[in-house]
Engineer: 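Please read through the structure below; I'll follow up with questions.
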Amino acid sequence: MVDTPDYALYKEVGGYLFDKYGDGSDGGQFFKTFPELHDYSFNNPIVILGNQSMGQGTPLKGVLASRPAITIHVFGDIEALDDVQDVKQSIYSYLMQLSAVGDYRVELDPRNLINTVSQEQEDNLRLWHATLDVTFKVN
């Protein structure tokens with residue numbers, strides 16, 4: 001069975017993040033779902049694979065143009081903005097060069113890219129929160 005483009009993107013990017021940053025439940029930095037942030041020491045930023053979605057563009061010559069999207073979160077200590085930016089930049093560079101996921105050829109759509117960094121505060125925990133929300137065109 002062939003995965004839908006959004007799920008193929010989720011599996012490809014999730015596999016890359018797991019390989020690069022290690023399993024968060026085993027001391028690594030990558031989490032497939034949001035962990036309890038108070039349980040993490042933030043010696044290194046953590047990476048969380050967020051939402052996946054898929055939109056459809058205008059059909060061209062009877063072919064539906066899919067636009068899968070994925071959101072990636074990076075959280076780091078409030079005193080370590082450079083570390084958060086380094087992790088975010090590394091992931092962004094990977095996403096920029098991504099050309100295939102599963103059975104699909106893809107290309108990052110720069111018109112639908114959200115790249116933010118904000119401060120988060122939860123009780124006594126102050127963090128930087130970087131978000132990469134990227135959409136791809138399926139070719």
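Values in this document were obtained by computation on a predicted structure and should not be read as measured data.
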Engineer: Between CZ of Arg111 and NZ of Lys137, what distance do you get to the nearest 0.5 Å?
Structural biologist: 5.5 Å
Engineer: Does a donor on one side chain and an acceptor on the other come within less than 3.5 Å for Lys88 and Asn115?
Structural biologist: yes
Engineer: How long is the span from the CG atom in Asn51 to the CG atom in Asp6, to the nearest 0.5 Å?
Structural biologist: 11.5 Å
Engineer: If I take atom CD from residue Gln97 and atom CD from residue Glu107, how far apart are they, to the nearest 0.5 angstrom?
Structural biologist: 13.0 Å
Engineer: Going by atom types only, do Ser93 and Gln89 share a side-chain donor-acceptor pair under 3.5 Å?
Structural biologist: yes
Engineer: Would you say Tyr7 has more than 12 foreign heavy atoms packed within less than 6.0 Å of its OH?
Structural biologist: no
Engineer: I want to check something: taking the side chain as every heavy atom from C-beta on, are Trp128 and Asp77 in contact at a cut-off of under 4.5 Å?
Structural biologist: no
Engineer: Is any side-chain heavy atom of Thr71 less than 4.5 Å from a side-chain heavy atom of Thr131?
Structural biologist: yes
Engineer: Is there a path of hydrophobic side-chain contacts, each under 4.5 Å between heavy atoms of I/L/V/M/F/W/Y residues, joining Met96 to Leu98?
Structural biologist: yes
Engineer: Any idea which heavy atoms bring Gln29 and Asn44 closest together, and the distance?
Structural biologist: NE2-CB, 3.5 Å
Engineer: Do the side chain of Tyr104 and the main chain of Asp3 share a donor and acceptor less than 3.5 angstrom apart?
Structural biologist: yes
Engineer: Quick one: do Ile114 and Ile70 end up in the same hydrophobic cluster if we chain Ile, Leu, Val, Met, Phe, Trp and Tyr together by side-chain heavy atoms under 4.5 Å apart?
Structural biologist: no
Engineer: For the residue pair Pro45 and Val74, what are the closest heavy atoms and their distance?
Structural biologist: CB-CG1, 3.9 Å
Engineer: Check Ile46, Val84, Leu37 against Leu127 for a side-chain contact (heavy atoms from CB on, under 4.5 Å) and give me the one that passes.
Structural biologist: Leu37
Engineer: What's the spacing between Leu9 CG and Gln52 CD if we round to 0.5 Å?
Structural biologist: 8.0 Å
Engineer: Please tell me if the side chains of Phe136 and Leu95 come closer than 4.5 Å, counting only heavy atoms from C-beta onward.
Structural biologist: yes
Engineer: Evaluate the side-chain proximity of Ile48 to Pro35: yes if any heavy-atom separation is below 4.5 Å, no if none is.
Structural biologist: yes
Engineer: Does a side-chain heavy-atom distance below 4.5 Å link Met54 with Arg67?
Structural biologist: no
Engineer: Atom CG of residue position Asp23 - does it have more than 12 heavy atoms of other residues, nucleotides or ligands inside 6.0 Å?
Structural biologist: yes
Engineer: Name the orientation class of the two ring planes belonging to His73 and His129 (parallel below 30°, tilted from 30 to 60°, perpendicular beyond 60°).
Structural biologist: tilted
Engineer: Answer with yes or no whether the hydrophobic clustering places Phe42 together with Leu81; edges join I, L, V, M, F, W, Y residues whose side-chain heavy atoms lie under 4.5 Å apart.
Structural biologist: no
Engineer: Hey, what's the ring geometry for Phe75 with Phe34, parallel, tilted or perpendicular (30° and 60° as the breaks)?
Structural biologist: perpendicular
Engineer: Flag yes if more than 12 heavy atoms outside Asp39 fall under 6.0 Å of its CG atom; otherwise flag no.
Structural biologist: yes
Engineer: Which atoms form the tightest heavy-atom contact between Ala130 and Val117, and what is the distance?
Structural biologist: CB-CG2, 3.9 Å
Engineer: Output yes when a side-chain donor or acceptor of Asp123 lies under 3.5 Å from a complementary backbone atom of Leu125, and no otherwise.
Structural biologist: no
Engineer: Could you walk me through whether Ile72 and Leu49 pass the side chain to side chain contact (heavy atoms under 4.5 Å, CB included) test, one step at a time?
Structural biologist: CA-CA 5 Å; Ile72 300 166; Leu49 191 54; 4.1 Å; yes
Engineer: Less than 4.5 Å apart, any side-chain heavy atom of Pro5 and any of Val106?
Structural biologist: no
Engineer: Counting only heavy atoms not in Lys32, do more than 12 fall under 6.0 Å of its NZ?
Structural biologist: no
Engineer: Could you check if a side-chain atom of Val134 sits within less than 4.5 angstrom of a side-chain atom of Val13, using non-hydrogen atoms only?
Structural biologist: no
Engineer: Using the rule that Ile, Leu, Val, Met, Phe, Trp and Tyr join whenever any side-chain heavy atoms are under 4.5 Å apart, tell me whether Phe18 and Tyr40 fall into a single cluster.
Structural biologist: no
Engineer: Is there a side-chain contact between Val87 and Tyr21 in this structure, where contact means two heavy atoms from C-beta onward sitting under 4.5 Å apart?
Structural biologist: yes
